[in-house]
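Notes for the one structure printed next.
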Amino acid sequence: MLARSGLRSTRILNGARNGATAFTKRSISSNSRASTESPMKLNVTVAASTALAIGSVAWYYHLYGSTAHAMTPAEEGLHPTAYPWVHQQWLKTFDHQTLRRGFQVYREVCAACHSLSRVPYRTLVGTILTVDEAKELAEENEYDTEPNDEGEIEKRPGKLSDYIPAPYKNDEAARAANNGALPPDLSLIVKGRHGGCDYIFSLLTGYPEEPPAGAQVGAGLNFNPYFPGTGIAMARVLYDGLVEYEDETPASASQMAKDVTEFLNWAAEPEMDDRKRMGVKVLTVTAVLFALSVWVKRYKWATLKSRKIVYDPPKGASNNVRS
Amino acid sequence: MGIWDTITDLVEAAAPWSTAEAEAPAEEPKEETSEDSKEEPEEEEAEEEDDEEEIEDPKEKLEEECKNSKQCAPAKHHFDECVERVTNASDDEEGKEDCVEEFFHLAHCASQCAAPKLWSVLK
């Protein structure tokens with residue numbers, strides 16, 4: 001009984017649905033009749049609204065779109081070209097032969113004015129120099145001792161734990177010696193300048209033979225397009241053949257600049273080689289763990305995946321449903 | 001750390017590749033270099049003074065080539081035109097214009113064109 005009444009009720013519902021669809025059909029046909037009267041009107045509205053939308057966007061960008069530049073390109077400085085540094089690739093280390101050459105350039109050229117105050121001799125061991133070389137280098141300089149029994153501070157030769165000495169006693173002395181311009185400390189210069197290695201390399205090699213026509217160069221300044229403002233107190237220092245490399249690499253100005261830039265990058269992030277190795281380690285371990293998890297999943301799901309669910313209905317009941 | 005040290009030791013022992021030691025292998029070439037530097041400087045100085053004249057900066061050469069290439073022709077054209085205009089204008093004492101911007105475009109074009117070539121030349 002219940003089933004039959006249910007069937008009847010669905011029939012009634014169907015009837016109602018048919019009635020509804022018939023009604024909607026009618027309404028659609030009546031609407032289309034009305035719209036056939038003015039297709040032009042519709043098209044014009046669509047075209048006009050679209051034109052208004054596009055026009056207002058265009059007008060907005062005309063009014064507010066372009067950004068205002070407060071600085072001239074000369075004040076911004078020329079943006080350095082991206083050079084294909086090998087050590088900046090994901091899986092590449094510093095070229096330690098290059099670092100050795102770069103350190104030589106720093107010592108023979110840059111160290112006259114620029115300090116490298118955050119780099120102790122011990123960090124050079126194993127990356128740039130051998131232990132004995134680094135010790136020898138450290139002993140070339142004198143450092144203060146602890147106060148002795150009479151309370152006096154004496155001088156002792158440097159040790160591996162000492163830091164590379166600065167060329168000037170303090171910033172004021174550095175300014176006084178350089179026409180008022182302070183040579184920045186180079187320990188973190190690669191991290192501290194926009195453009196990093198590219199900027200340092202471009203700056204070192206970018207001095208033109210003469211400034212372009214009409215450019216204003218202040219007194220005691222040199223024209224360098226890469227330096228913001230283009231007037232830099234540091235004159236060009238790297239000239240071809242300035243340094244004699246021990247591995248007999250031809251010491252062209254760009255070669256020296258490349259070596260010293262990579263060395264300064266090492267000084268700024270000496271952990272880079274280890275950091276990249278750690279990255280590879282993480283990827284490797286993750287790959288192993290992922291493979292393990294796939295195997296474990298297969299093992300755990302084996303019973304679930306290989307089972308078969310069968311519905312076996314009782315024969316008597318099925319007859320009842322059909323009637 | 002103790003446990004990890006033993007594990008890394010085991011891994012290093014089992015691994016088919018060897019790790020680089022900082023001290024021992026480096027000491028041998030160091031002795032050679034120190035001997036060389038003691039013996040040779042006088043000879044080398046004489047030799048390398050001649051070499052210095054031969055060294056040419058590949059960057060300047062490559063960028064000069066790039067400046068004259070087709071790629072940078074528009075930038076060079078503008079720069080040359082500007083230089084001409086400014087040098088003529090300065091005679092009339094109105095020279096407020098400078099060619100820094102044109103120079104920037106030319107230098108950027110040249111260094112960008114020379115960058116990959118330069119890196120293939122440098123060590």
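Because the structure is predicted, anything quoted here is derived from the model rather than measured.
If you take CD on Gln112(B) and NE2 on His108(B), they are separated by 4.0 Å, rounding to the nearest 0.5 Å.
Your options are His79(A), Lys258(A), Gln97(A), Arg101(A), and the one with the most heavy-atom pairs under 4.5 Å with chain B is Lys258(A). Top candidate by heavy-atom pairs under 4.5 Å with chain A, chosen from Leu118(B), Asp57(B), Val121(B), is Asp57(B). In terms of heavy-atom pairs under 4.5 Å with chain B, the best-connected choice from Tyr239(A), Phe201(A), Phe223(A) is Phe201(A).
Only the side chain of Tyr226(A) comes within less than 4.5 Å of a heavy atom of chain B; its backbone N, CA, C and O stay farther away. Thr230(A) touches chain B through its side chain: at least one heavy atom from C-beta onward sits under 4.5 Å away, while N, CA, C and O do not. For chain A, no part of Glu102(B) is nearby; none of its heavy atoms comes within less than 4.5 Å. For Phe104(B), the parts lying near chain A are the backbone and the side chain together; criterion is any non-hydrogen pair under 4.5 Å.
Counting only N and O atoms by type, the side chains of Asp247(A) and Thr249(A) include a donor and acceptor under 3.5 Å apart. Defined by atom type and a distance below 3.5 Å, a donor-acceptor pair is present between the side-chain atoms of Asp259(A) and Gln255(A). Remark: the Trp85(A) side chain and the Asp198(A) side chain contain an N/O donor-acceptor pair separated by less than 3.5 Å.
Disulfide check for Cys109(B)/Cys66(B) fails, with the SG atoms at least 2.5 Å apart. Taken as a pair, Cys113(B) and Cys72(B) fail the criterion of an SG-SG distance shorter than 2.5 angstrom.
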